[in-house]
2 protein chains.
Amino acid sequence: MSESSRKILSDNNVSITNPRILVLEALMESRNPQTIDDLQKKLENKVAKSTLYRVLGDLKKINVLHEFTSPDNTTVVELLLHDDEHHHHLFCGDCGEIIDVGLSNEFEKLLSEEIKKIERKFNFQINDHRVEMFGTCTDQCSNCK
Amino acid sequence: MSESSRKILSDNNVSITNPRILVLEALMESRNPQTIDDLQKKLENKVAKSTLYRVLGDLKKINVLHEFTSPDNTTVVELLLHDDEHHHHLFCGDCGEIIDVGLSNEFEKLLSEEIKKIERKFNFQINDHRVEMFGTCTDQCSNCK
DNA sequence: ACAATAAATGAGAATAAGTCTCATTTATTA
DNA sequence: TAATAAATGAGACTTATTCTCATTTATTGT
């Protein structure tokens, strides 16, 4: 585990430091996206706040981290490992949980055709897209561990 | 124009006040989404900052305003009028412009089927979705006024 | 392995978006 | 038109994020 966080850093020519390893390990602890607050709790002050933000910035720069904002305006962060598939997000408005979801190939194919149309229409070059779904988990949040 | 902002308020049982009319008019000035900063500039201190945020909150509550976050983490706001169609957003990473885009009925239909699958799989009730596309406008930002 | 150099870190100050408070003003209604 | 409730303005406050700079750590060439 510690092995692979070192690998991520060296593969991207980023120097291997303790804070970077600790942050990567905290990120790897949960598969789904997590808030900065979650991270800070996991890190238990082993990494200074300023360093945490700097390390997250470094990881974004080498494209192993994806940062976005949940509907309640909280910054959320998730590790993108090479074997991760393209996926989207499902947000629970009750408990705040964010779940990774994959959509069908058929859907992604149609979406990429739509995107081509939009590129032509607006003279854009589109390099990424995102589908977000909002709702509530019924069933007393059984999904939300 | 001032007429319709009054109508929006009275239709929703919200008292008609000057700040509310001014904010609505500033929102109506541009069709595409705009930042809080844009709004403040348009309002030229005619509405206090605290009032601006309060009015935006009021408008969200009566569902005539949609608030979201652009990829550079800026809060963005757009008026939802009754004759507006369901639409999505295209973000330019160069100039920051956000453009409303409609996708085909065929696409929306397939997406709603995908959503039904996700609802079953995760035992969720999904009530909204959003497709965001990211890129850059080629052609020296000709779209970006 | 070691010294020199560059890069990263910690601590806390600074910034900025958004919220809150409360005295005053404005809209609504009877 | 007066009474009442609601909305506003001004600025203090909060909180997330960024910045600064002195100190520590990693890297590299010998």
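Each chain gets a letter, A, B and so on, in the order the sequences are listed, and its residues count up from 1.
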So, using salt bridge (Lys or Arg N to Asp or Glu O under 4.0 Å) as the criterion, who are the partners of [X] when residues are at least two apart?
{"X": "B/K41", "value": "B/D37"}
{"X": "A/D11", "value": "A/K7"}
{"X": "A/E85", "value": "none"}
{"X": "B/K117", "value": "B/E114"}

Measure from [atom1] on [X] to [atom2] on [N] and round the result to the nearest Å.
{"X": "B/K46", "N": "D/dT8", "atom1": "NZ", "atom2": "C1'", "result": "17 Å"}
{"X": "B/N73", "N": "C/dA16", "atom1": "CG", "atom2": "C1'", "result": "13 Å"}
{"X": "B/D38", "N": "C/dA17", "atom1": "CG", "atom2": "C1'", "result": "15 Å"}
{"X": "A/L22", "N": "C/dT9", "atom1": "CG", "atom2": "C1'", "result": "12 Å"}
{"X": "A/E67", "N": "D/dT18", "atom1": "CD", "atom2": "C1'", "result": "13 Å"}
{"X": "B/L9", "N": "C/dT28", "atom1": "CG", "atom2": "C1'", "result": "14 Å"}
{"X": "A/L43", "N": "C/dT9", "atom1": "CG", "atom2": "C1'", "result": "14 Å"}
{"X": "B/N45", "N": "D/dG9", "atom1": "CG", "atom2": "P", "result": "11 Å"}

Counting only heavy atoms and a strict 4.0 angstrom limit, can you tell me which residues of residues 52-65 of chain B come near DNA chain C?
B/Y53, B/R54
Report the residues that fulfil side chain to side chain donor-acceptor pair (under 3.5 Å) with [X], sequence neighbours left out, ordered by chain and then residue number.
{"X": "B/S112", "answer": "none"}
{"X": "B/S50", "answer": "none"}
{"X": "B/T17", "answer": "none"}
{"X": "B/S10", "answer": "none"}

Heavy-atom nearest nucleotide on DNA chain D taken for A/T51 and for B/T51; more 5' hit belongs to B/T51
Heavy-atom closest pair, residues A/T138 and B/Q125:
CG2-OE1, 3.8 Å
Summarise how protein sits on nucleotides 22-30 of chain D as a single string, 5' to 3': B when a protein heavy atom is under 4.0 Å from the base, S for sugar-phosphate-only contact, - for no contact.
----SS---
Net bend of the helix from C/dA1-D/dT30 to C/dA30-D/dT1, end axes of five pairs each, nearest 10 degrees:
40°
Whether over 12 other heavy atoms sit under 6.0 Å from B/D72 CG:
yes
Could you pull out every donor-acceptor pair under 3.5 Å between side chains of residues 56-66 of chain A and any protein atom, sequence neighbours left out?
residue: A/D58; atom: OD2; partner: A/R20; partner atom: NE; Å: 3.3
residue: A/D58; atom: OD2; partner: A/R20; partner atom: NH2; Å: 3.0
residue: A/K60; atom: NZ; partner: A/E67; partner atom: OE1; Å: 2.9

Any N/O donor-acceptor pair, A/K49 side-chain to C/dG12 base, under 3.5 Å
no
A/S50 vs D/dT17: side-chain N/O to OP1/OP2 distance below 4.0 Å:
no
